[in-house]
Amino acid sequence: MKSNEKSLEEIKKEIEFLRREIERHNYLYYVKNQPEISDEEYDALMDRLRELEEKYPQFYDPNSPTQRVGAPPAKEFATVRHTVPLLSLDKVTSYEEFMEFQNRIWRFLGKKVEIDYTATPKLDGLSIAVRYEHGRFVRGATRGDGFEGEDVTANVRTIKSIPMYLMSEEAAKLPVLEIRGEFIFHKDDFERLNEELAKKGEKTFANARNAAAGSLRQLDSSITAQRPLKAYFYEIVYVEGREFETHWEKLKFMEAAGLPLVPYARYCKNDEEVREYYENILRERENLPFEIDGVVIKVNRIEYQRILGQVSHHPRWAVAWKFPSQEAISTLRDVIWSVGRTGAVTPVAILEPVFIAGATISRATLHNEDEIERLGVMIGDKVVVRRAGDVIPEVVKPLVELRTGKEKPIVPPTHCPVCGAKLSKPPGEVIRRCPNRFCPAQIAESIKHFVSRKAFDIEGIGDKQVETLLREGLIEDAADLFTLEPERLEKLERWGPVLAAKIVRNIQNAKRISLPKFIFALGIPGVGEHLANVLAKHFKSLDALRNATFDELIQIPEIGPNTAQSIVDFFADEHNRRFLEKLFSVGVEVEEIREEEEAEKPLSGKTFVFTGALSSMTRDEASELVESLGGRVSSSVSRKTDYVVVGENPGSKYDKAKKLGVTTITEEEFLKLVGRA
DNA sequence: TAGCCTCGAGTTCA
DNA sequence: CTCGAGGCTA
């Protein structure tokens with residue numbers, strides 16, 4: 001090596017220095033808005049880094065600032081399972097409702113103490129989870145359904161306000177730090193983007209949220225790189241190597257790590273300060289640089305958060321206090337009655353089209369007859385319309401004072417609007433149903449259900465296609481799909497030979513299906529996605545489910561008498577039996593469940609109840625133990641209980657167990673059962 | 001038996 | 001997102 005040349009070691013040092021330095025300037029520019037150097041100086045650093053990286057490719061790093069221009073287009077986003085589910089938030093819309101939220105907290109804590117909170121604006125964008133390992137950015141994922149999202153690592157890398165290396169020493173040494181934030185467009189950036197898109201003759205975005213979603217979910221991340229997306233973080237969802245006592249501490253920690261923190265965050269020492277905060281933000285809403293739809297309030301003390309826990313979809317320690325949604329006035333033109341898969345007849349409002357929150361609304365659900373009665377709405381009324389959660393259109397109320405006298409009452413139909421059968425309304429139920437199972441509407445809806453994503457998932461067959469196929473007489477039921485021939489499809493309007501062949505292929509590929517999806521696809525009344533899974537897990541084969549008796553079914557947790565009867569009826573029905581046989585005869589194959597880990601766990605399917613004090617462990621520890629072995633713990637004895645574990649000084653649960661004839665075991669026997677003795 | 005929670009089934013628009 | 005209803009717990 002020539003003496004005037006730098007050693008590799010020195011090159012590596014310089015590259016690393018440049019990367020850190022550029023990252024630091026990114027932080028000063030994008031997060032702090034206080035650049036220390038001019039654009040020219042910044043460009044010079046980048047040029048030098050690029051030069052060195054080109055010459056010494058052995059020092060490649062995907063997190064280098066030079067890589068923030070985007071990666072080659074991907075074919076599709078990979079799915080990633082979140083380490084910790086990203087929950088949504090419960091919501092309130094008034095101070096009274098917020099106080100109910102606080103009352104619930106007091107109830108759960110078992111004491112009425114002053115609760116302190118953190119409050120932040122609720123950004124209206126796209127939620128993301130970002131993961132750092134040893135201070136280094138490793139992954140970005142969208143929220144998705146909360147459990148699984150899309151891997152958008154390449155896209156996230158192009159957002160320059162997101163550090164590739166955490167700045168504080170404390171954060172850099174954590175093995176894992178997973179944080180949650182929101183991608184948004186600032187209002188001015190959004191307008192500028194739309195102007196540019198319009199100039200180029202491209203489609204513009206209806207609102208800033210769509211722009212954020214559309215920009216992030218680009219398979220070609222170099223497009224994301226050119227969009228002025230902003231990211232703001234507000235939660236640490238998972239961390240290894242550090243404990244936090246308060247949420248406020250988490251926010252400060254993220255800020256110190258160089259992460260862009262959600263602006264206008266505030267500590268509130270009690271509910272009164274929360275109310276002030278809400279009112280301030282609401283007043284300032286128009287002046288904020290971005291769209292928000294409320295404020296997020298979190299219980300500050302992590303200890304309380306832990307005690308409060310969560311329900312399936314949201315934590316009990318946080319709430320979104322939403323602003324009133326945007327409303328508009330329209331005219332109720334008419335009410336039509338639509339017939340669903342189960343024959344349920346529901347009223348839909350036909351409205352004079354009106355633009356609200358980024359979309360033109362012309363229809364809105366009225367839910368059911370009781371709702372119409374409650375609203376007291378009539379055809380011809382001027383009505384207030386809003387988008388619930390800024391999504392689903394909803395009639396809020398009629399403007400009675402604007403009535404002309406020409407309004408007509410809304411009369412629920414006595415006969416099915418599709419097939420003319422007389423509707424039935426069981427006593428005590430709110431919904432009217434069409435009893436005709438051969439009603440064209442029910443047939444169409446059940447086929448749509450059958451092909452939908454969570455059932456047979458046949459790509460290329462959607463609502464429109466099902467209707468066309470039915471209208472053209474190519475199918476009469478879902479089983480007919482599997483014998484469709486491309487030659488017949490081609491003749492349909494707008495279905496070329498290529499498309500027809502592709503759809504037939506998709507249909508054939510869907511023939512093999514997992515048991516839970518198959519059960520869901522059948523559309524048994526009362527059995528949705530969740531119960532389909534429960535049933536599949538329990539019976540493991542379609543035959544076992546088909547032959548299940550009412551008594552067997554009600555033994556299963558979550559299956560009560562109503563659902564059990566519905567399932568028995570479904571499989572007893574001659575027409576349904578023939579339909580199943582037809583499915584098999586056209587080649588549908590249901591995969592049975594293999595003996596899974598879950599099933600092999602020693603306590604799976606067993607329910608435990610504890611009564612009295614245990615000597616070797618606490619109730620909580622015992623519960624955890626049972627659950628880790630696949631069992632369930634319940635707090636009261638029922639005939640579904642398998643074991644009642646009787647400790648010191650048992651209570652009434654012991655008597656109840658005796659009465660119901662449920663097995664009781666001592667602590668020693670319990671320990672033997674779980675393999676601890 | 002009431003109250004909490006989850007689920008199913010209906011809904012809109014781009 | 002909304003409602004009603006079913007299931008479970010207290």
Side-chain angles (χ1 to χ4, degrees), chain A residues 88 90-91 93 100 104 107-108 203-207 209-211 213-214 309-314 316 320 322 325 335-351 353-372 374-375 385-396 426 428-433 441-442 445-446 448-449 452 454 463 520 523-535 553-567 607 609 632-641 651-653 656:
Chain A
S88 53
D90 202 3
K91 61 160 200 208
T93 54
E100 279 172 33
R104 203 158 56 229
R107 228 176 31 239
F108 261 90
K203 254 205 332 237
T204 56
F205 289 105
N207 53 55
R209 195 215 321 225
N210 287 2
Q310 59 185 59
V311 296
S312 78
H313 276 287
H314 54 258
R316 286 202 199 83
K322 304 268 259 184
S325 26
V335 171
I336 59 170
W337 300 82
S338 85
V339 184
R341 167 167 67 83
T342 60
V345 175
T346 48
V348 177
I350 304 298
L351 302 161
V354 57
F355 191 80
I356 319 173
T360 307
I361 305 304
S362 55
R363 300 158 71 100
T365 176
L366 283 166
H367 298 300
N368 55 55
E369 291 159 41
D370 283 19
E371 180 76 4
I372 292 175
R374 260 199 303 272
L375 293 170
V385 182
R386 75 171 167 213
R387 296 226 280 158
D390 284 326
V391 183
I392 308 287
E394 180 183 55
V395 174
V396 180
E429 285 202 10
V430 177
I431 298 165
R432 247 170 245 264
R433 285 179 194 279
Q442 285 188 47
E445 292 306 313
S446 45
K448 289 174 193 173
H449 174 81
S452 67
K454 288 169 176 174
D463 293 5
F520 177 71
I524 303 167
V527 177
E529 194 190 3
H530 176 79
L531 288 186
N533 269 307
V534 170
L535 291 169
L553 285 161
I554 55 167
Q555 292 301 318
I556 304 169
E558 298 180 87
I559 309 283
N562 291 294
T563 318
Q565 194 57 53
S566 169
I567 295 168
T607 302
V609 172
R632 282 175 79 239
V633 176
S634 164
S635 54
S636 69
V637 182
S638 73
R639 52 177 210 294
K640 289 188 184 182
T641 311
S652 63
K653 285 183 233 173
K656 186 156 183 199

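All chains are named by letter (A, B, ...) in the order of the sequence lines, taking the proteins before the strands, and each is independently numbered beginning at 1. Since the model is a prediction, treat every value here as computed from it, not as a measurement.
Distance, A/N562 CG to B/dC7 P: 17 Å, rounded to whole Å. As rounded to whole Å, 17 Å separates atom P of B/dT12 from atom CZ of A/R386. Between the CD1 atom of A/I556 and the C1' atom of C/dG6 there is a distance of 15 Å, rounded to whole Å. One can place CD of A/E371 at 16 Å from C1' of C/dA5, the figure rounded to the nearest angstrom. Here B/dC5 presents its P atom at 7 Å from NE2 of A/H314, a figure rounded to the nearest Å. Following rounding to the nearest Å, A/N533 (CG) and B/dC7 (C1') show an atom-to-atom distance of 13 Å.
Candidate nucleotides B/dG8, C/dA5, C/dT2 were compared by shortest atom distance to the side chain of A/E394, and C/dT2 ranks first. Each of C/dG4, B/dG8, B/dG10 was ranked by its minimum atom distance to the side chain of A/H530; first place goes to B/dG8. Looking at the side chain of A/L531, the nearest of the listed nucleotides B/dT12, B/dC7, B/dG10 is B/dC7. Nearest to the side-chain atoms of A/H367 among the listed nucleotides C/dC3, B/dC13, C/dG7 stands C/dC3. Taking the side chain of A/T563 as heavy atoms from C-beta on, and the options B/dA14, C/dG7, C/dC3, the nearest nucleotide is C/dG7. Side-chain proximity of A/R363 to the nucleotides B/dG10, B/dT12, B/dC7 is greatest for B/dT12. For A/A359, the listed nucleotide lying nearest its side chain is B/dC13; candidates were C/dT2, B/dC13, C/dG6.
No contact: A/R104 has no heavy atom under 4.0 Å from any strand. Within 4.0 Å (heavy atoms only), A/I361 reaches sugar-phosphate atoms of the nucleic acid but no base atom. A/N210 comes within 4.0 angstrom of nothing in the nucleic acid, heavy atoms only. Residue contacts for A/R387: at a heavy-atom cut-off of 4.0 Å it reaches no nucleic acid atom on any strand shown.
Within the structure, a side-chain polar atom (N or O) of A/S362 is placed less than 4.0 Å from OP1 or OP2 of B/dC13. Distances shown here put every side-chain N or O of A/T365 at or beyond 4.0 Å from the OP1 or OP2 atom of C/dC1. For B/dC5, one of the phosphate oxygens OP1 or OP2 lies less than 4.0 angstrom from a side-chain nitrogen or oxygen of A/R316. The side chain of A/K91 contributes an N or O atom lying less than 4.0 Å from OP1 or OP2 of C/dT2.
Counting heavy atoms from C-beta outward, A/V385 and A/E394 have side chains that stay 4.5 Å or more apart. Using a 4.5 Å cut-off on side-chain heavy atoms (C-beta onward), A/R433 and A/T342 make contact. Considering only heavy atoms from C-beta on, A/T365 stays 4.5 Å or farther from A/V348 through its side chain. Using a 4.5 Å cut-off on side-chain heavy atoms (C-beta onward), A/I524 and A/L531 make no contact.
If you check the side chains of A/S325 and A/R387, you find no donor sitting under 3.5 Å from an acceptor.
Residue A/D90 forms a side-chain hydrogen bond (donor to acceptor under 3.5 Å, both in side chains) with just one option from A/R104, A/Q310, A/R316, and that option is A/R104.
Both A/R374 and A/I392 sit near DNA chain C, but only A/I392 has its closest nucleotide nearer the 5' end.
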